[in-house]
Protein chains: 4
Amino acid sequence: MDRDASRVETFSDGIFAVVVTVMAVELLQNGPARASGRELPDALVHAWPAYLAYVITFGIAGQIWLGHHNMWRYVVRVDQMLLVFNLLQLLFVATIPFTADMLADNLRGSPTEQRLTAALYFGTVLGESVSFNLSWWWARRRRLLHAELDPRLGRAIAWRLRLRPLLYLIAFAFVFVDPILSLVLYLVLIGLTLIRRPGDLPR
Amino acid sequence: MDRDASRVETFSDGIFAVVVTVMAVELLQNGPARASGRELPDALVHAWPAYLAYVITFGIAGQIWLGHHNMWRYVVRVDQMLLVFNLLQLLFVATIPFTADMLADNLRGSPTEQRLTAALYFGTVLGESVSFNLSWWWARRRRLLHAELDPRLGRAIAWRLRLRPLLYLIAFAFVFVDPILSLVLYLVLIGLTLIRRPGDLPR
Amino acid sequence: MDRDASRVETFSDGIFAVVVTVMAVELLQNGPARASGRELPDALVHAWPAYLAYVITFGIAGQIWLGHHNMWRYVVRVDQMLLVFNLLQLLFVATIPFTADMLADNLRGSPTEQRLTAALYFGTVLGESVSFNLSWWWARRRRLLHAELDPRLGRAIAWRLRLRPLLYLIAFAFVFVDPILSLVLYLVLIGLTLIRRPGDLPR
Amino acid sequence: MDRDASRVETFSDGIFAVVVTVMAVELLQNGPARASGRELPDALVHAWPAYLAYVITFGIAGQIWLGHHNMWRYVVRVDQMLLVFNLLQLLFVATIPFTADMLADNLRGSPTEQRLTAALYFGTVLGESVSFNLSWWWARRRRLLHAELDPRLGRAIAWRLRLRPLLYLIAFAFVFVDPILSLVLYLVLIGLTLIRRPGDLPR
């Protein structure tokens, strides 16, 4: 009973797998192939917000999965509260396709629509980010982590996690300047988390 | 071949993952973004039963997953009958999005509609709860549990599981007073199961 | 690298989980709640073929999962051919919701519709059953099974697997007498496989 | 913490499971059973591109899963970059149902439609194939593989992986001759990868 976290990972992975693929299923079911009254080349070009929504969702959810993967490999025991924080994080993760799709659909809408959908999307990633912080804070406090984990590394991860909602807030604020710029900033943020020195997965 | 339960957990987790995310997919495919003839802010507000259905489904299914997780970690062997009871439980779990969605849709319907959908929802969680009780009863009787499990803890879990259908019945009965009150009671029940003394996961 | 089969089980379980839940998702998306022009109680009763299709699909796919679980626990090594046979079985498993739904929808159709959908459904379970037989035959022949498995048990399982397509054929033949009777026979067949002496999971 | 790859496999398997089943769900939701204004036998025959799309998707995704399974069993450690390459591969895998469906739908369309959908499909499998090559190249370079893996086997696998995009390119080029021929070539390519000397899974 010592590697308790493995079932939590299986369950979370199932949810992540549905979240990243659901936009591709959406492409299949409501995409250009179903568009009537248009020529195919035109329909394919016209569906660009759907492709964008797919890539944003995959990028964001993939990045969260990476973070989740990196954190949970240190968790050796779970308690009820940690499971609840993890469920809360997954509740927000599962709504990302919905808010990302609305964001992409309204990039060329009125300023009200742009800001409203950007605020909704920001709310989702903020909720996810806060729950993730709570998980890590709780796991450290209740000593649920691998005994070999360097406490300095634990603190460093906590700081990096705390930084994320702030960066999301800045990316969101730019929607009042330009919604495309705001989106580009989100994607740059994802890029920054991914590109590190090679092999730099905290051990 | 000694930790037989792990594949049962993988299979069950796959079903739980679909169940908790399907309402979010529903939001994406039939949600406010698809509502035509309305302004976006109006459409977003108008879709409140869909958000409610998502939160209820996630809450209920998440709580059942917690219970499933807490029970199955003691199971070291499985037999045919335990697998059948588990399949029966999952059959009811998978219908929760359907009945929760109907419940939320009819909160402002006629009294007949309110009571009918509440009865359907109650039938689902009752069926789930009874099958769960059967699983635990069978696992204890056939000695499929971890040898180190304290028999008193086994009995305590059995009593807690038996209490659940009763509490669900009470929450259901309040639909004849007020359907919103009945729903609030369900959510309070979930809250009660989640909030315990920190770290109080039976070992 | 000695317990090679575990990833095959994870992949197969993902497919089984989608298959058993997809009919419940179908209930949610195209079920009575979406039926327009009818009163709710009437719509709920009118949707009986959808409930039937859900229970048949869950029953059949659940039973196949049980068989898959019982077989693969003896597999310790895999080779390319066994993986291909397993993929072939899953290809048929994934079409069960489609054919079971058509079967249930056409129970009250014309004799041609009844027989055509019954033949399609029979084709699906036959294909599944034959691929399953191939898997077991191959695993035994190539000595991919647990060394402790009693050869007599291996033969007994092979015989039980060979019997299944025959029983399916009989259940199918009854569609020419009465389609409901044919369906009842399928469900009785599932029941027979499930109910054994308690704990009688071959070890 | 030594068998790091197992969570990556669980997550990838969840995505593969959705990808191979989504076309069967599509059959259920938009297939012949929903076709109105046609007799059932006629509707069933008329839906042949949907069956074809299902078999192509299952075949291609199943083959990629086999390759993924065969590669990842040698991976004992993961780093950030390998996870990113794997996510990139999965991003392309998840779009296969979408492009395969369009390909099958336009087999009898105008030459422009045939070539456009063939090019899209080719783009998907090319992207998948290139990311897969990157994964294997990185895993070898950073010594993330099992120490017992024969370096000659590692090189042989790398060569086989490099060959695949080339073969896909040839199959694609034939769309300018005949789109059906191009599709047959893809299926022959899958067949070639599957049929080897029995038991010839690199150890």
Side-chain angles (χ1 to χ4, degrees), chain B residues 1 4 6-19 21-23 25-26 29-30 53 57 77-88 90-106 109-110 112-117 119-120 124 138 141-144, chain C residues 3 5-7 9-29 31-34 39-41 43-44 47 50-51 54-55 57-59 61-63 65-66 68-70 72-74 76 146 148-149 190-191 193-203:
Chain B
M1 289 199 202
D4 238 3
S6 102
R7 183 166 176 195
V8 183
E9 293 181 347
T10 312
F11 175 61
S12 308
D13 277 1
I15 293 177
F16 278 112
V18 174
V19 165
T21 46
V22 73
M23 294 308 296
V25 175
E26 183 70 7
Q29 296 189 334
N30 302 304
T57 306
R77 286 184 307 120
V78 295
D79 65 5
Q80 182 85 353
M81 207 65 196
L82 183 60
L83 293 177
V84 171
F85 286 143
N86 187 54
L87 278 172
L88 199 64
L90 294 171
L91 180 129
F92 285 108
V93 167
T95 60
I96 288 177
F98 167 55
T99 53
D101 188 48
M102 287 220 298
L103 187 74
D105 269 353
N106 288 283
S110 71
T112 318
E113 286 169 348
Q114 289 170 359
R115 287 165 198 175
L116 191 62
T117 51
L120 262 176
T124 306
W138 186 262
R141 206 188 131 195
R142 305 294 305 181
R143 302 183 191 289
L144 306 173
Chain C
R3 177 65 179 130
S6 101
R7 185 167 176 196
E9 293 180 347
T10 312
F11 175 60
S12 308
D13 277 0
I15 293 178
F16 278 112
V18 174
V19 166
V20 298
T21 48
V22 73
M23 294 307 297
V25 175
E26 183 70 9
L27 270 179
L28 172 71
Q29 294 189 336
R34 298 287 178 269
E39 293 297 304
L40 187 66
L44 281 170
Y51 312 138
Y54 174 56
V55 173
T57 306
F58 205 104
Q63 180 215 22
W65 179 81
L66 278 175
H68 198 269
H69 174 272
N70 288 353
W72 277 86
R73 57 211 294 274
Y74 295 119
V76 282
H146 203 280
E148 281 176 33
L149 176 70
I190 300 177
T193 356
L194 297 187
I195 301 162
R196 312 183 183 179
R197 273 170 301 139
D200 177 24
L201 194 70
R203 289 240 135 231

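As a basis for the values below, the full set of heavy atoms in this structure was taken, side chains included, without hydrogen atoms, waters or symmetry mates. A note on names: the letters A, B, ... follow the listed sequences, proteins ahead of strands, and every chain is numbered from 1. Being a predicted model, the structure only gives us computed values, none of them experimental.
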Side-chain touch C:Arg73/B:Arg7, heavy atoms, less than 4.5 angstrom: no
For chain C, the option from B:Leu82, B:Thr99, B:Leu90 that forms the most heavy-atom pairs under 4.5 Å: B:Leu90
B:Ile96 portion near chain C, given a 4.5 angstrom heavy-atom threshold: neither
Interatomic distance, C:Phe58 atom CZ to B:Ile15 atom CD1 [nearest 0.5 angstrom]: 4.5 Å
Contact origin within B:Asp13 toward chain C - heavy atom pairs under 4.5 Å: neither
C:Glu9 side chain near B:Thr10 side chain, heavy-atom distance below 4.5 Å: no
Pairing residues for C:Ala50 by the side-chain contact (heavy atoms from CB on, under 4.5 Å) criterion, not counting sequence neighbours: C:Leu27
Heavy-atom pair count under 4.5 Å with chain C, highest-scoring of B:Val19, B:Leu91, B:Thr112, B:Val18: B:Leu91
Student check: side-chain heavy atoms of B:Thr117 and C:Leu40 closer than 4.5 Å: yes
Geometric class of the C:Trp65/B:Phe11 ring pair [parallel <30°, tilted 30-60°, perpendicular >60°]: parallel
Non-hydrogen atoms of B:Pro97 and C:Leu28 that approach each other most closely: O-CD1, 3.6 Å
Heavy-atom side-chain contact between C:Val25 and B:Val25 under 4.5 Å: no
Nearest heavy atoms of B:Ala94 and C:Ala24, plus distance in Å: O-CB, 3.1 Å
Step-by-step side chain to side chain contact (heavy atoms under 4.5 Å, CB included) determination, C:Leu66 to B:Leu87: CA-CA 9 Å; C:Leu66 278 175; B:Leu87 278 172; 4.0 Å; yes
Per-residue contact mode, B:Val93 against chain C (heavy atom under 4.5 angstrom): neither
Note, C:Leu44 side chain near B:Leu120 side chain (heavy atom, < 4.5 Å): yes
Which portion of B:Leu116 sits near chain C, non-hydrogen atoms under 4.5 angstrom: side chain
Partner residues of B:Ser12 under the side-chain hydrogen bond (donor to acceptor under 3.5 Å, both in side chains) criterion, sequence neighbours left out: B:Asn86
For the student: nearest non-hydrogen atoms of C:Ala17 and B:Gly14, plus distance: CB-C, 3.6 Å
